[in-house]
Amino acid sequence: MLFDFANVLAFVLVSVAFIYGTLLATRLIRPKKYLRDKAAIYECGEPTIGSSWIRFNIRFYTIALVFLIFDVEVVFLFPVVVVLRQQGLLAFSEIVVFVVVLAVGLIYAWRFGNLDWIRGGEAKEELEDASEGKKTAYGSLEAGQEDLSK
Amino acid sequence: MQSYIDALIQNIGILQQVPPLIIYTAAILLGCAVVFGYISVVAMIMIYAERKVAGHMQSRYGPMRVGPHGILQSVADSIKLLLKEDTVPDKAHRFLFKLAPLLVFAGAFVPFAVLPFSEHLVISRMNIGIFYILSLAAIEVIGVIMAGWASGSKWSLYGGMRLAAQMVSYEIPMALAVLTVVAFSGHLGLHEITHAQGKWPWEWFASPLKSPFTAVGFVVFYIAGLASTKRLPFDLPEAESELVAGFHTEYSGMRFAYFFIGEYTAMYVVCAATAVLFLGGWNGPFPGVVNMLGKTFFLLFVMIWLRWTLPRLRIDQVIFVCLKVLLPISLICVIGAALQAVLF
């Protein structure tokens with residue numbers, strides 16, 4: 001048992017040694033010349049405007065919360081599923097209760113649109129139209145064709 | 001592997017004079033080095049294979065200049081990366097920027113400690129095998145988010161956040177798909193899971209004849225594996241046409257190479273884990289190693305095939321597929337598999 005986990009330690013140490021070893025070795029052969037323009041952030045060749053740590057979509061937090069709930073569920077399910085065959089129907093009923101309680105939570109989040117990337121409103125309709133091919137970024141397709149025929 | 005070392009010590013007289021701790025340490029480091037060499041070679045072959053397959057799928061030749069049919073292309077690439085300057089942007093958080101490639105590489109390399117190549121050819125027969133692989137996949141996510149945030153670039157930040165959302169979401173269906181198999185094997189070790197499957201395809205967990213729930217779990221696991229290794233159609237974090245290169249936009253030289261090797265190593269881990277969990281591991285008509293490597297490389301080829309066939313999804317579609325399709329399906333599969341395991 002100890003031997004099995006000693007291997008894991010060895011693998012971690014070898015990967016750290018590989019990374020720092022190759023970095024040290026290549027330091028001898030690679031060029032090292034500082035230029036202010038080279039150390040700038042790459043943004044299509046234009047000088048960067050403002051901070052790079054900008055705000056991003058609030059959706060990411062909802063995803064993180066959903067993940068947190070279900071990840072905890074999975075961690076608790078693992079030991080129960082392992083002893084499932086020995087414990088029989090008792091363990092099975094526990095799994096069912098646990099999964100159903102969380103499934104209710106999932107249905108709740110689904111029903112109130114927390115799983116949608118864009119929630120309600122104009123933006124959602126636009127997105128749906130776009131995926132159905134009705135509207136493009138340049139206005140609707142039919143209108144464009146009418147303009148052409150005129 | 002421990003039994004082999006014990007047998008060696010008993011049969012060779014000189015080894016009995018040496019303290020066992022030294023022998024074990026030497027054996028562990030040797031095993032580690034062998035696996036490391038194997039991964040480096042496999043990663044180079046896969047990078048070449050990807051470019052070659054891509055070429056032929058698009059009616060071109062792919063790399064042709066370096067060596068006959070370009071077989072030395074990967075060697076030339078690695079020499080180029082070794083000689084490249086290692087730049088760190090002024091705006092980057094230097095410590096995290098330098099730490100991130102290490103986490104990504106280690107997260108992809110350390111799972112190899114438990115991956116079996118055949119019944120006896122395995123480094124560590126750990127009793128929590130598959131759980132260990134799943135938990136290391138989570139460490140890789142931290143490395144990528146760290147790279148995205150610490151680069152100080154907007155492209156990197158977007159790539160990092162998209163990847164965070166994608167990888168953590170797909171971890172859940174992946175773990176639930178593993179649970180369907182564990183319900184039948186009753187053990188988390190990769191050896192016990194393989195022993196629960198037979199020699200022929202209809203005795204594997206991927207077969208609907210064995211259990212329809214694990215067969216669905218196989219599909220869910222492979223799709224989630226594609227997402228967690230950032231392969232198309234889930235390669236949004238890197239989306240080269242919109243985010244330049246996503247989280248590794250600012251990396252150059254060897255640090256970029258670590259991400260690259262890490263990505264291909266992670267692909268290998270996912271495919272090998274799929275082969276063990278659902279395709280019977282080393283079971284099959286050929287000798288053990290041939291079966292295992294054949295299944296793994298076939299799954300790798302399918303990954304490359306998909307990359308050059310499917311278009312990229314949008315981020316809302318990625319989240320939709322995970323939370324509204326795969327998650328309910330895998331929850332049903334867990335309950336179904338548990339019921340079947342209890343009753344039959």
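Atom set for the values below is all heavy atoms of this structure, side chains included, hydrogens, waters and symmetry mates excluded. A, B, ... follow the sequence lines: proteins, then strands. Residue 1 opens every chain.
- For B/Met254, the part sitting under 4.5 Å from any heavy atom of chain A is the side chain, from C-beta outward, and nothing else.
- Ring centroids of B/Phe112 and A/Phe11 are separated by 6.0 Å or more, keeping the two rings apart.
- Open room surrounds CG on B/Leu21; 12 or fewer heavy atoms of other groups in view lie less than 6.0 Å from it.
- The minimum heavy-atom distance linking A/Val81 with B/Leu179 is given by the pair CG1-O, 3.6 Å.
- Between the CG atom in B/Leu29 and the CG atom in A/Leu13 there is a gap of 8.5 Å [rounded to 0.5 Å].
- Here the CZ atom belonging to A/Phe5 is positioned 8.5 Å from the OH atom belonging to B/Tyr132, to the nearest 0.5 angstrom.
- The ring pair (Phe, Tyr, Trp, His ring centres under 6.0 Å) search around A/Phe18 returns B/Phe36, B/Phe105, B/Tyr258, not counting sequence neighbours.
- Only the side chain of B/Ile319 comes within contact range of chain A, with heavy atoms under 4.5 Å apart.
- Residue contact with chain A, scored on non-hydrogen atoms closer than 4.5 Å, involves the side chain of B/Val35 exclusively.
- The shortest side-chain heavy-atom distance between B/Met126 and A/Asn7 does not fall under the 4.5 Å cut-off.
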CA sep, side-chain torsions, deciding dist, call: A/Ile29, B/Leu83, side chain to side chain contact (heavy atoms under 4.5 Å, CB included): CA-CA 6 Å; A/Ile29 49 172; B/Leu83 294 172; 3.9 Å; yes
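- Both the backbone and the side chain of A/Ala10 have a heavy atom closer than 4.5 Å to some heavy atom of chain B.
- Closest heavy-atom contact between A/Pro31 and B/Glu85: O-CG, 3.2 Å.
- Heavy atoms from other residues, nucleotides or ligands lying under 6.0 Å from OH of B/Tyr38 number more than 12.
- When each of B/Leu343, B/Thr25, B/Val88, B/Leu327 is checked for heavy-atom pairs under 4.5 Å with chain A, B/Leu327 comes out on top.
- A pairwise comparison of heavy atoms in B/Ile28 and A/Ala6 identifies CD1-CB, 3.8 Å as the closest pair.
- A/Arg30 and B/Leu82 get closest at one heavy-atom pair: CB-O, 4.0 Å.
- Atom CZ of A/Arg27 sits about 8.5 Å away from atom CG of B/Asp86, to the nearest 0.5 Å.
- Options A/Ile107, A/Ile19, A/Val74, A/Val100 differ in how many heavy-atom pairs under 4.5 Å they form with chain B, and the most are formed by A/Ile19.
- Every pair tested for ring pair (Phe, Tyr, Trp, His ring centres under 6.0 Å) that includes a residue from residues 88-107 of chain A fails, sequence neighbours excluded, so the list is empty.
- With rounding to the nearest 0.5 angstrom, the CG atom of A/Leu106 is 7.0 Å from the CG atom of B/Leu331.
- Between chain A and the residues B/Ala257, B/Ala338, B/Ala165, B/Ser156, the most heavy-atom pairs under 4.5 angstrom are made by B/Ala338.
- Of the atoms belonging to A/Gln87, not a single heavy atom falls under 4.5 Å from chain B.
- For the pair A/Val16 and B/Leu102, the minimum side-chain heavy-atom distance is below 4.5 Å.
- B/Ser252 does not touch chain A: none of its heavy atoms, backbone or side chain, sits under 4.5 Å away.
- Only the backbone of B/Lys84 comes within contact range of chain A, judged by heavy atoms closer than 4.5 Å.
- Contact between A/Phe78 and B/Leu134 at its shortest, heavy atoms only, is CZ-CD1, 3.8 Å.
- If you tally non-hydrogen atom pairs under 4.5 Å between each of B/Phe184, B/Tyr24, B/Phe320 and chain A, the highest count goes to B/Phe184.
- For B/Thr87, the part lying near chain A is the side chain, with the backbone staying farther off; criterion is any non-hydrogen pair under 4.5 Å.
- Across B/Pro328 and A/Trp110, no two heavy atoms sit closer than the pair CG-CZ3, 3.9 Å.
- For B/Glu171 (side chain) and A/Asp71 (main-chain N/O), no donor-acceptor pair under 3.5 Å exists by modelled atom type.
- Looking at A/Arg85, its side chain does come within 3.5 Å of a backbone N or O of B/Ala341 through a donor-acceptor pair.
- Rounding to the nearest 0.5 Å places CG of B/Leu81 at 11.5 Å from OG1 of A/Thr22.
- Both the backbone and the side chain of A/Val12 come within contact range of chain B, each with at least one heavy atom under 4.5 Å from a heavy atom of that chain.
- Note that CD1 of B/Ile39 is 9.5 Å distant from OG of A/Ser15, once rounded to the nearest 0.5 Å.
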